[in-house]
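Chain letters run A, B, ... following the sequence lines, proteins first, then strands; residues in each count from 1. Just so it is clear, the values below take in all heavy atoms, side chains as well, and ignore hydrogens, waters and symmetry mates.
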Amino acid sequence: MSVEQKWQKYWEENQTFKAEDFSNAPKYYVLMMFPYPSGSKLHMGHCKNYVIGDVISRFKKMQGFNVLHPMGWDAFGLPAENAAIKFNIHPSDWTKNNVKVMTEQLKNIGICYDWTREVTTCEPDYYKWTQWLFLKFLEKGLAYKKKKEANWCPKCMTVTANEEVIEGACWRCKTPVTKKELDQWFFKITDYAERLLTDLKTLKGWPAKVKLMQENWIGKSFGVEINFKVKETGDALPVYTTRIDTIFGVTYLVIAPEHPLVKKLIKGTEYEKKVTEFSAKLKLTSEIDRTSDATKKEGFFIGKHAVNPVNGEAVPIFVANYVLLEYGTGAVMAVPAHDQRDFEFSKEYKLPVKVVIKPADKNLIAEEMTEAFVAEGVQVNSGKFDGLAGKNGLESIADWIDGSGWGKKTVKYKLRDWLISRQRYWGAPIPVIYCDKCGIVPVPEKDLPVELPYNVEFKPTGGTSPLAGVPEFVNVKCPKCGGAGKRETDTMNTFICSSWYFLRYTDPKNRTEAFSAEKAGYWMPVDQYVGGVEHAILHLLYSRFFTKVLFDLGYVKFQEPFTNLFTQGMVLKDGAVMSKSKGNIVLADPLIERYGADTVRGFILFAAPPGKELEWSDQGIEGIHRFLARVQRIVEPNVVNIKNAPVKLDSGALEKEAKDIYRQLNKTVKKVKEDIENDFHFNTAIAALMEFVNCLYAAQVPAAGKAKQDFETVLGYSLKKLILCLAPFMPHMAEENWSSWGNKASIFSAKFPDYDPSCISDENVTIVLQINGKIKDKLTIDINMPEAELRELALQNQKIKEGLAGKAVKNVIIVKNKLVNVVAG
RNA sequence: GCCGGGGUGGCGGAACUGGUAGACGCAAGGGACUUAAAAUCCCUCGAUCUUCAUGGUCAUGAGGGUUCGAUUCCCUCCCCCGGCACCA
């Protein structure tokens, strides 16, 4: 057994990193986004991720925190199922196997989890509570079923949430999604749009980028909903606009072809067939083609007109591919003069263009326009509003319409409800039963979990869940009336499982509750969350939503789950994220075998700051390996000095050589701590430790006497601190050294070094002398030399005198302990 | 198209609030030790000019600007990466 394995076993057997519920020490909850047990062996991408969390957790523990650092498995979901189909093995067996492999791998690289809190989302004792949460949402009216056109991934054979569609394609398999109308379960995340948006402001510890992405996703806009009427039938036809200042420029109206009113308006007319065909065609086009602004605008007149309430004008109604049913009212007023999309459509179909806003400095002639004028300007052809400019025009018209009853000021969000049902096998069953008499009946809490049956032909069919083919699962008694009932056969989106796992870690063994209020209250919110930015919207938005719902239901007392968020940069190989499917992975095992886990950890931390993407290359791993050997070579001959090292040093009494080392030590410790705390700049922290070791090697050892004695004392003292500083990064070698000095307890029960602020600054400092900002000479002076003295010194300097060459000195700028700049001309 | 982030040696990357650009490491070259190799240790290492120095000039994507002084602040442009993508 290697030294590293020895310590890995020690940590496990001694439960060195077990987190205690409730403690006098302050709590610190550090969490890594839990992985899919995909079965791939640990590669450098994973490695970086988990090592970051590991360093934080070890560092915090050494600072005296009661640290919770758990690990678990996001085990439900399509990747597991697809792989299982491919290898012809049951997803459950496949998953369990993978968990075993990955656990082993995480231990190999020396990650310190509290394994007693391990959580696996596909286990009934976990998903029981996922189902329970669903029932709570249902009870609160936050879960509902609706027949709706949804994003459909033809490859995964399931519907999918808006958040899971990336650039018009399924985020997992990259297949372009189409539309399919199905009965689906939704979570009403839109009810929380405003809170999800405003509370972003409270997340001071989140990257601005992530907050911005969520803000854009929620997409709040202010506008007016205005009531047009169909001239021929009198039907109300409301439209939503953010540009009510262009209301007098409306020359036609456009409705989404799927809009329910369209069916009514064309029924029995010559347009009926054309519209039906058009809608069918659109349904089959992928989201990307449908919604790209590069796509040609297509549509046609449907034989009816709409009346503009502000001026009574009747304008033709069109259907077109560029209007979305789901946003706003599914219908828009078209103002070709001031909206680029409408402009393009009007050119295509020869529709009139009416200018109602003109630039401040010139006139605008409709016939001469080559594109829509969308900038702010001055109202024209707008009745009594002519002459008003910019926002003023917009607000005046909005107020006027709001007051007239023709419409009202409205706020809209782009965020849509979260589609949570999936027609796949490997997920938590949705716990409801359908009864002809009682309708949708929730499964009573006492009957949870609704267990996922094992023997299922789980290959996807195409619109129905594989569970529908299991009669003993489907056919049940109605819990309400006892009559014949049928279970819901769709399963839940796995993002539900991962929207609350951080709560389960606080109380993972609880058999009567999802988590106890006390324990969650103690540990939550997560102090430091670490994960990839790819979840900026998906998982992070859903988890915030869940937390707010749980707050409203009274189960938790906080409204945001993650106080600080760190998004680590991914590891790339040949320009792409490492992944098994791309075949560009670099496994950790061979490197660990060759260099040891400490070296691999050290290297990945040293190669780049953790927030930055890293193009993998093992060029340089030797450097860390050499460094560790170098540390060892100076530690070993000094074990006696280390053992004799005093707890505290009096720097005032030290001889020069010793004092220089001591000062350097304090500088180093300060830098290491600051670098770790400042956005986890582990690379520069390690560089500082390297510099310190270089400095120890370069030190002149005094030959004899007190100077020698002092030197040895400080050397022993420093080496001990050095190993303590290295411990979070290279924990195995740190433990090994620590125990070899006779320490019985783990080094992680020791305190991370503090620095002595009284002995940190140099006595001398090198400053530069400049003329007009150009360096002429360098000078070593006493630190904090008075300005007047320094000024004199600079002006008397030979190089400065030469450089001035008789030019007049206009000014002398002195930056303390940094430079003197003589301004001359 | 809109919104973010970024561009520094052969390479990965440093640089506090505007104050010595290139820390630390890799690679490369030279030397010491060794029968030899490995390991280790020492030196050099942005470009360029000259009189080879403890010298000069130029250098942080390009061009301007502010400043005693700019990798850092402002303007214009180029390129790369990420997000959103007909949201009315």
Length of the line joining E615(A):CD and rG12(B):C1', which is rounded to integer Å: 11 Å
Euclidean distance, atom CG of residue L605(A) to atom P of rG13(B) [Å, nearest integer]: 14 Å
Sugar-phosphate only, base, or nothing, as touched by I775(A) at under 4.0 Å among non-hydrogen atoms: sugar-phosphate
Closest nucleotide among rG82(B), rA85(B), rG19(B) to the W217(A) side chain: rA85(B)
Residue-phosphate contact under 4.0 Å: K612(A) side-chain N/O, rG13(B) OP1/OP2: yes
Side-chain ion pair, K414(A) and E326(A), N-O less than 4.0 Å: no
Y755(A) backbone acceptor or donor facing K670(A) side chain under 3.5 Å: no
Touch class at under 4.0 angstrom, heavy-atom based, for L212(A) against every strand present: sugar-phosphate
Glycosidic class, syn or anti, of rG30(B) using a 90° window around 0: anti
d(CD, Q770(A); P, rC68(B)) in whole Å: 13 Å
rA39(B) - base-pair partner by Watson-Crick or wobble geometry, distances under 3.5 Å: none
Electrostatic pair K220(A):E194(A) at N-O distance under 4.0 angstrom: yes
Proximal nucleotide (of rC84(B), rC24(B), rA88(B)) relative to the V323(A) side chain: rA88(B)
Spacing of Q664(A) atom CD relative to rA23(B) atom P, expressed in whole Å: 16 Å
Side-chain donor or acceptor of D417(A) paired with backbone N/O of I189(A) under 3.5 Å: yes
Derivation and outcome, ring pair (Phe, Tyr, Trp, His ring centres under 6.0 Å), residues F300(A) and Y349(A): CA-CA 8 Å; F300(A) 45 83; Y349(A) 296 94; 8.6 Å; no
Value in whole Å for how far the C1' atom of rA88(B) lies from NZ of K414(A): 11 Å
Atom pair distance, as rounded to whole Å: NZ in K776(A) and C1' in rU57(B): 11 Å
Test item: K204(A) side-chain N/O and K201(A) main-chain N/O as donor-acceptor pair under 3.5 Å: yes
Phosphate OP1/OP2 of rC58(B): any K774(A) side-chain N/O under 4.0 Å: yes
rG13(B) and rA53(B), which share atom name P, separated by this distance in whole Å: 36 Å
Which nucleotide in rC24(B), rC41(B), rG19(B) has an atom nearest any side-chain atom of L819(A): rG19(B)
Base paired to rC24(B) (Watson-Crick or G-U; both N/O distances under 3.5 angstrom): rG12(B)
P atoms of rA85(B) and rC26(B), separation to the nearest Å: 46 Å
F606(A) side chain, from C-beta outward: closest of rA85(B), rC24(B), rA88(B): rC24(B)
Distance, P atom - from rA38(B) to rA27(B), rounded to whole angstrom: 13 Å
Sugar-phosphate only, base, or nothing, as touched by N694(A) at under 4.0 Å among non-hydrogen atoms: sugar-phosphate
Integer angstrom distance from the C1' of rU50(B) to that of rG12(B): 35 Å
N683(A) vs rA14(B): side-chain N/O to OP1/OP2 distance below 4.0 Å: yes
Any strand: nucleotide that pairs with rC2(B) via Watson-Crick or wobble, under 3.5 Å: rG83(B)
Protein-nucleotide distance (K799(A), atom NZ; rU20(B), atom P), rounded to Å: 19 Å
Under-4.0 Å side-chain N/O to phosphate OP1/OP2 contact, Y322(A) with rA88(B): no
Which residue lies more 5' along RNA chain B, comparing Y327(A) with G773(A) via nearest heavy atoms: G773(A)
side-chain N/O S221(A) vs rA88(B) OP1/OP2, d < 4.0 Å: yes
Distance, P atom - from rG63(B) to rU72(B), rounded to whole angstrom: 13 Å
Short side-chain donor-acceptor distance under 3.5 Å, W217(A) and E163(A): yes
Nearest-angstrom distance, P atom, rC75(B) to rC3(B): 14 Å
Nearest-nucleotide comparison on RNA chain B, the residue closer to the 5′ end among T684(A) and K818(A): T684(A)
Phosphate contact (rA39(B) OP1 or OP2) by R633(A) side-chain N/O below 4.0 Å: no
Pairwise P distance for rG6(B) and rC16(B), with rounding to whole Å: 14 Å
Proximity to the side chain of M690(A) - top-ranked nucleotide from rG83(B), rU20(B), rG25(B): rG25(B)
Nucleotide nearest N216(A) when distance is taken to its side chain, options rA14(B), rC68(B), rC3(B): rC3(B)
Test: E149(A) and K179(A) ion pair at under 4.0 Å: no
Counterpart base for rA70(B), defined by Watson-Crick or G-U wobble contacts under 3.5 Å: none
Atom P, compared across rU71(B) and rG1(B): separation rounded to whole Å: 31 Å
Short side-chain to backbone donor-acceptor contact, D245(A) and G377(A), under 3.5 Å: no
Pairing nucleotide - rC77(B), Watson-Crick or G-U, each distance under 3.5 Å: rG61(B)
Per M213(A) side chain, nearest of listed nucleotides rA88(B), rC68(B), rG83(B): rG83(B)
R630(A) side-chain proximity, nearest of rC41(B), rC84(B), rG4(B): rC41(B)
Nearest-angstrom distance from the residue atom NE2 of H535(A) to C1' of rG82(B): 16 Å
For rG55(B), the Watson-Crick or wobble partner whose two distances fall under 3.5 Å: rC49(B)
Side-chain N,O (R626(A)) to OP1/OP2 (rA27(B)) below 4.0 Å: yes
